[in-house]
Amino acid sequence: MILSKFVDELPIPPILKPRWKDQLYTYYEVNMTEFKQSLHRELNDTTVWGYEGSYPGPTIEVESGEKAYIKWINNLPDKHLLPVDHTVHGAHLDVPEVRTVVHVHGACVEWESDGYPEAWFTNGFKQVGPYFSKQVYRYDNCEQACTLWYHDHALGITRLNVYAGLAGFFLIRDQRERLLNLPSGKYDIPLIIQDKTFHKDGSLYYPKQPEKPVPELETSIVPEFFGDTILVNGKVYPYFKVEPRKYRLRLLNAANSRFFRIKLDSGQLMYQIATDGGLMQHPIGVKEIMLAPAERADVIIDFTNLEGKNIIMKNNAPAPFPTGNPPDDNTGTVMQFRVTLPLASVDTSVIPAYMMHIPKMNEQSASNSRYLTLNDNMDPYGREWMLLDNKQWGAPITENPKLGATEIWYIISLTKDSHPIHLHLVDFQILDRRDFDVEMYKKEKIIDYMGPAIPPEPQERGWKDTVQANPNQVTRIIMKFGPFTGLYVWHCHILEHEDYEMMRPFIVIR
Ligand SMILES: [Cu+2]
């Protein structure tokens, strides 16, 4: 189904209002419900799931260090909007079909409030998962200013819950960032980029079977899901009217499986100022920005002197990445900027030459290294089955870093796809990527490097919580575990992989 482009205006999600705020803490309540929303003017209203009646959810804005408590409330129906596969871990017939648990992606948070996949809860907290421990989550927001996002993380149905609409922005602000005089207020715009496919009646399509169907199952997990239509902030191919001045755009790839490589058809540079974990040392001018699922990049785009121009944001990433088909005109188009608004006042915001010092983590400071493979296996139904370190979700915990310890993880990819690997709790730095002999590794379990260590791309040189682990490469990351102990997870952020065993617990111990 092909929908006209640039006929609906870009919605900006509302800022969530706290129920209570004083000098000690802030308290929010967030309801999850099912409702209808217009995603494109040529489509009937679509039934979606959202937070506070909004898809994407309202933007949560906090100050660095602010103590925020959030009660996430499930008011969803008992029947899922999308086809649940009951063969998938955690989604068997012995648990309720509709379960939710909210994770703030990139948050430094106590484990009880991190949204552990088995800490799920149902409507009215009538049933809860084995690791559920509290109704009101606590966020200390100890990190610097950054663009985070919140989304559902329930075991075995994360791909369906997020696709149904359960995602939104969570922004941390701080004084240091304010002093930089970046574009702010109505010139600071979050953009959540996703792909979806619609039925003719406007309802969401999600496949019941993979390309090679499993006839004995009514619904079966798919190896990846790629929608044929791109949405930004919950609208299909929106346009956004801008003034001839600088804007800060917070780009978030919140697709299930699709990678986006973003560029502007005007050929102009975007100035990237932040990675997943906040500001970079220096802005970098780039023509293209690669974003795997869950990655963020904050960019400044300067529309000065472009009065009257229309600029289209394009995507040229193949799907699956990197060896799949290039996008067509529909999946290759994201949104349009129209430089049609008069300049409200002189643009005094800047693209600073220098933003903040990012200390390079020292390999010598690491007390432990872990060698962890990404595996491509076959399940008993003949379905593709990706694993971390060749272990399923339910296997005993093997990653058990000590509180305060610095570790280097060698992510050894034995698969054909690029996987966005995400760790909860910590931000890391990418040390390098290096080609190696996959066949040799499979036979001998020895890493035989075939080339030099490649430093991270300039766009990745900052704090990260998600890293693209490419085929035939060992990707090395370094991080310090803390400030909390407890049970967290690391996983592939291709949601179809995450739901089907490409996720593992880790525990930070004292
Ligand atoms: Cu994956």
Side-chain angles (χ1 to χ4, degrees), residues 85 88-91 103 105 117 151-153 155-163 194-195 206-207 210-211 220-227 252-261 276 290-296 317-325 370-379 383-395 399 409-424 428 430 433 438 441 460 464-477 488-506:
D85 179 342
V88 164
H89 68 206
H103 169 59
H105 182 116
H151 64 78
D152 199 74
H153 215 305
L155 194 68
I157 53 170
T158 293
R159 70 193 184 290
L160 307 174
N161 289 358
V162 173
Y163 186 72
Q194 297 177 303
D195 58 341
Y206 190 88
E211 261 174 52
S220 170
I221 184 127
V222 295
E224 272 124 11
F225 170 71
F226 299 107
L252 158 64
N253 179 349
N256 280 33
S257 290
R258 185 178 291 281
F259 287 53
F260 291 103
R261 191 160 54 208
D276 301 335
M290 188 70 231
L291 288 175
E295 283 190 303
R296 288 88 69 209
F321 192 81
T323 52
N325 298 322
R370 294 180 196 271
Y371 297 83
L372 301 158
T373 53
L374 311 182
N375 307 86
D376 190 349
N377 294 3
M378 204 74 100
D379 82 352
R383 300 180 294 190
E384 211 174 23
W385 197 25
M386 307 276 190
L387 299 178
L388 299 175
D389 204 30
N390 229 359
K391 295 182 181 75
Q392 296 184 45
W393 165 253
E399 286 71 68
W409 287 17
Y410 290 65
I411 303 167
I412 304 163
S413 181
L414 307 176
T415 78
K416 294 183 301 296
D417 296 331
S418 186
H419 300 269
I421 300 297
H422 169 48
L423 272 73
H424 287 210
F428 51 76
I430 303 171
R433 298 186 177 89
V438 173
Y441 187 90
E460 302 174 311
K464 296 283 296 167
D465 55 47
T466 306
V467 61
Q468 294 168 35
N470 301 323
N472 310 317
Q473 285 189 330
V474 175
T475 302
R476 295 197 310 149
I477 57 174
Y488 296 90
V489 297
W490 67 288
H491 60 87
C492 176
H493 221 288
I494 291 179
L495 300 182
E496 282 70 23
H497 294 179
E498 169 183 346
D499 268 352
Y500 200 36
E501 299 291 351
M502 206 172 191
M503 177 161 71
R504 290 280 295 153
F506 76 85

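Numbering of ligands and ligand atoms starts at 1, following listing order. Because only heavy atoms are used, hydrogens play no part in the values below, and waters and symmetry mates are left out as well, while side chains stay in.
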Results of ring-ring contact (aromatic ring centres under 6.0 Å, His included) for H491 - residues two or more places apart only: H153, H422, H424, H493
Residue pairs fulfilling salt bridge (Lys or Arg N to Asp or Glu O under 4.0 Å) with at least one residue in residues 413-423, sequence neighbours excluded: D376-K416
Parallel, tilted or perpendicular: ring planes of W490 versus W409, cut at 30 and 60 degrees: perpendicular
Contacts of R476 that satisfy salt bridge (charged side-chain N to carboxylate O under 4.0 Å, His left out) - sequence neighbours left out: E363, D432
Worked check of side-chain hydrogen bond (donor to acceptor under 3.5 Å, both in side chains) between E496 and S257: CA-CA 7 Å; E496 282 70 23; S257 290; 2.8 Å; yes
Heteroatoms of the protein, restricted to N/O/S, which lie under 2.8 Å from the Cu ion (ligand 1): H419 ND1, C492 SG, H497 ND1
Worked verdict on L374 versus L388 for side-chain contact (heavy atoms from CB on, under 4.5 Å): CA-CA 5 Å; L374 311 182; L388 299 175; 3.5 Å; yes
